[in-house]
Amino acid sequence: MKKSQTSIFAAAALAIALTAHAGDDRAKAVALMQRDFHAKGIAHMDRLNEDALQLVCNRSHNNPPKPVAERLQQDQLEAIKYPADGKFLGDWKSGEKIAQTGSGMTWSDKAGQANGGSCYNCHQIGPNETSFGTIGNSLRQFGKTRGNSPQMQKYVYGKIYNAKAFSLCSNMPRFGHSGTLTEQQIKDLVALLLDPNSPVNK
Amino acid sequence: MDQTRRNALKAGGGASLYALLAAAGVLRPDTALAADWNQKAFEAKNLKDAFDALGAGSRIDSADIVMTAPEIAENGAVVPVGAVSKIPGTESIAILIAKNPTSLAANFDIPSGTEPAVSTRVKLAETSDVYVLVKAQGKYYVTKKEIKVTIGGCGG
Amino acid sequence: MSSIKLRAVVALSGLALVCAAQAQQKETAAPKKAAAQTKKAANAAKDPVAADFEKFHEIMEEASPAELFEAKGEELWKAKRGPKDASLEQCDLGLGPGVLKGAYVRMPRYFADAGQMMDAERRIVYCMVTLQGFKAEDLAKQPFSSESRTPDPVSLVTYVAGQSRGMKIAIPQKHPKEREAYNIGREIFNYRAGPWDFSCASCHGEDGKRIRTQNLPNLTSKKDAIRAFQGWPGYRMTGGLMHTLQWRMNDCFRQQRFPEPGYASETIADLLTYMAVNANGHVYKGPGIKR
Amino acid sequence: MSDPMRIRAVAKDGAVNVKILMSHEMETGQRKDAAGKPIPAHFIQQVSATWQGKVVLSAHWGTAIAKNPFLEFNFKGGKKGEKIQVSWTDNKGEKRTDEATIN
């Protein structure tokens, strides 16, 4: 099963790679970066290597053919690790702090430190934070309008864990997949969005 | 400034000696004023103490003071503030920031011949009311405006 | 003071607002009023906030602290310095030795003597090495401004940039290497990688977006591209430091969660070529002020 | 040693507009370094501008003036070609005077 997925993916990726017109410049760009960059702090050189998903998004200008996108989204979805205890709602107050915090994973951050979710950088969320970005959609009253069902909780958990499972070349980082946020942190963010007591839903 | 003279002024008990020297023509009044940095006012930890230390215990709200400042500061570290006084006989213009660790930011003496208008840039520790205090013919006039301090771009 | 200590000083600054440290208690304060404000802010999409920022930005740029660094740069440009005890007055910035007027708005460009694409800072470093005998490795050690130190190339770039104030940006694309640099730069701009899957385009590829309250120019569009050029080198209000485009690229890659690009490297020159060519035709206003 | 000020003085309609930029840290004394040690305050306390021997502005500053301070004012009487002097003194007793010609 695993193997066949990989080969389907490889074939698709190859097809895109072959049809891409800027391949030569891209190859030169990658070679140049490999030469000119250096590891610093926790940011090692392997970060310059595309993973499979990045490769497909890069070569398709973030617009992969539908069958490829669906296939790869399925892979991403299947790789999401949901909480073993089956609970998705953490503490919305902690969630708000995580949403506010923008540090983590840069070369100036330390290994092992608690990372932030940078959520406000891109989304409107709570009512009291007027300094929010607009790269992502507004999440105001997210739970109020969408409900708090177990399915919704699982969806939100999954979306934060790996946004690419739902939209392959989304701008949103894969916070769980990349090891940026812990299970508990993601639960807290789910609570921020869905807990009826969270100011987001007031 | 001449440090010796300043010390002499302090040692000599301030106002009386100053008046004496000024009367004798040793000091020009405006230069002497410049030497007198009001420590008590500048170190005051809240607005009331700062006003009191400036001698502005009672103040008149005035529409004749025009403050130019942003509603929302792009960055609290550099906030442009301009103040113009249309009050006749304006002698000094001060800028105070309510929520800063020390409230008094600046005090400008306006000699005759200089327009009662100054611009500078201040730091705001957080969203705060900013006051412009004008002294004219022995009375104090004031206006205020809230300036918001925001969080900008960047992830950390 | 050690550099580590300095970094911490910057991070601890009470007045320089650092994102990570912010406003975690805000949730409790005056919810009703704030909610109304949020709504208002969200509704007025092309918001007065941005207009207000711009207005005061312009007022401040009329007398920008960047001028202090321009003056410093001029002094450094003309002074005999380095192991060769020479000034930079014979440095060729692309228009002939010693020609400063208009040089900044025509870089990056291909320099045949070096056989390389060079942006202004890369070229100035090259001149400091070839004319004055400084070592490139030394200049690359601490190339960005800190509280205790403004590196010489930063002041020099600011001076050189000031000499193109009011001139039209005209980055050349005649030489094949210049056209190639543009194409490679575009690929670097769009290259997604790293733990957060970011490229430059993740933040700078769409119109009308912001991060927190900061507007994000769409650097792939002709209309916005000028904003990658305008105001640089810039006096950054946070920390009150003078920064060049070399710093801007470096810190963008940091926040992109990438490893660190080499200072004054070809990668940066190519990336800057892509962005600068897109800004061609606009009038450059000289060193500016940044948030 | 401190860097020179940038002084622009422009005569227009009988008044001189003066814009000054000073190179100074304006350290508040409120900040701490990595070791938790307070960074001592270091800021300009007094600024005065003179023209023809007459003080045309004198300012007293606290720690809230932004780093690399800016000051703008207008005075009457100055003419093109005349000089103005600007001096500052900080809380450590350092001082600096620069001169500019009115344009």
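Note that the structure is predicted; figures quoted are calculated from it, not measured. Convention: sequence-line order gives letters A, B, ...; per-chain numbering from 1.
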Review point. With only heavy atoms counted, which part of Ser138(A) is less than 4.5 Å from chain C, the side chain, the backbone, both or neither?
Key: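 Neither part; nothing is under 4.5 Å.
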
Review point. Chain C heavy atoms under 4.5 Å from His44(A): which part of the residue, side chain, backbone, both or neither?
Key: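 Backbone of His44(A) only, per the 4.5 Å heavy-atom cut-off to chain C.
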
Check your understanding: Going through the checks in order, is the disulfide (SG to SG under 2.5 Å) test met by Cys200(C) and Cys252(C)?
Key -> CA-CA 8 Å; Cys200(C) 305; Cys252(C) 273; over 6 Å; no

Review point. Please, which pairs that meet salt bridge (Lys or Arg N to Asp or Glu O under 4.0 Å) have at least one residue in residues 36-46 of chain A, sequence neighbours excluded?
Key: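 Checked against salt bridge (Lys or Arg N to Asp or Glu O under 4.0 Å) - neighbours excluded - the pairs reaching residues 36-46 of chain A are Lys40(A)-Glu260(C).
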
Practice item. Apply the test salt bridge (charged side-chain N to carboxylate O under 4.0 Å, His left out) to residues Arg71(A) and Asp75(A): give CA-CA distance (whole Å), side-chain angles for both, the deciding distance (0.1 Å), then the verdict. Key: CA-CA 7 Å; Arg71(A) 179 71 258 168; Asp75(A) 288 353; 3.6 Å; yes

Practice item. Determine whether the side chains of Gln100(A) and Glu129(A) contain a donor N or O and an acceptor N or O closer than 3.5 Å. Key: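 The answer is yes; a qualifying pair exists.
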
Can you tell which part of [X] gets under 4.5 Å to a heavy atom of chain A, answering side chain, backbone, both or neither?
X         : value
Phe253(C) : both
Leu216(C) : side chain
Asn190(C) : backbone

Review point. In terms of the angle between their ring planes, are Tyr157(A) and Tyr82(A) parallel, tilted or perpendicular, with boundaries placed at 30° and 60°?
Key: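 Tilted: the ring planes of Tyr157(A) and Tyr82(A) meet at 30° to 60°.
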
Check your understanding: What is the ring orientation for His243(C) with Trp247(C), classed by angle as parallel under 30°, tilted 30 to 60°, or perpendicular over 60°?
Key ->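 Geometry flag for Trp247(C) against His243(C): parallel rings.
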
Point to revise | Top contributor to chain C interface from His177(A), Lys28(A), Arg35(A), Lys202(A) [non-hydrogen pairs under 4.5 Å] | key: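 Of the candidates given, the most pairs with chain C belong to Lys28(A).
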
Check your understanding: Any idea which of Met45(A), Lys164(A), Met172(A), Lys93(A) has the most non-hydrogen atom pairs under 4.5 angstrom with chain C?
Key ->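 Answer, by heavy-atom pair count under 4.5 Å with chain C: Lys164(A).
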
**Study point:** Choice from Pro195(C), Ala201(C), Gly262(C) maximising heavy atom contacts with chain A below 4.5 Å
**Key:**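 When all of Pro195(C), Ala201(C), Gly262(C) are compared, Pro195(C) has the most.
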
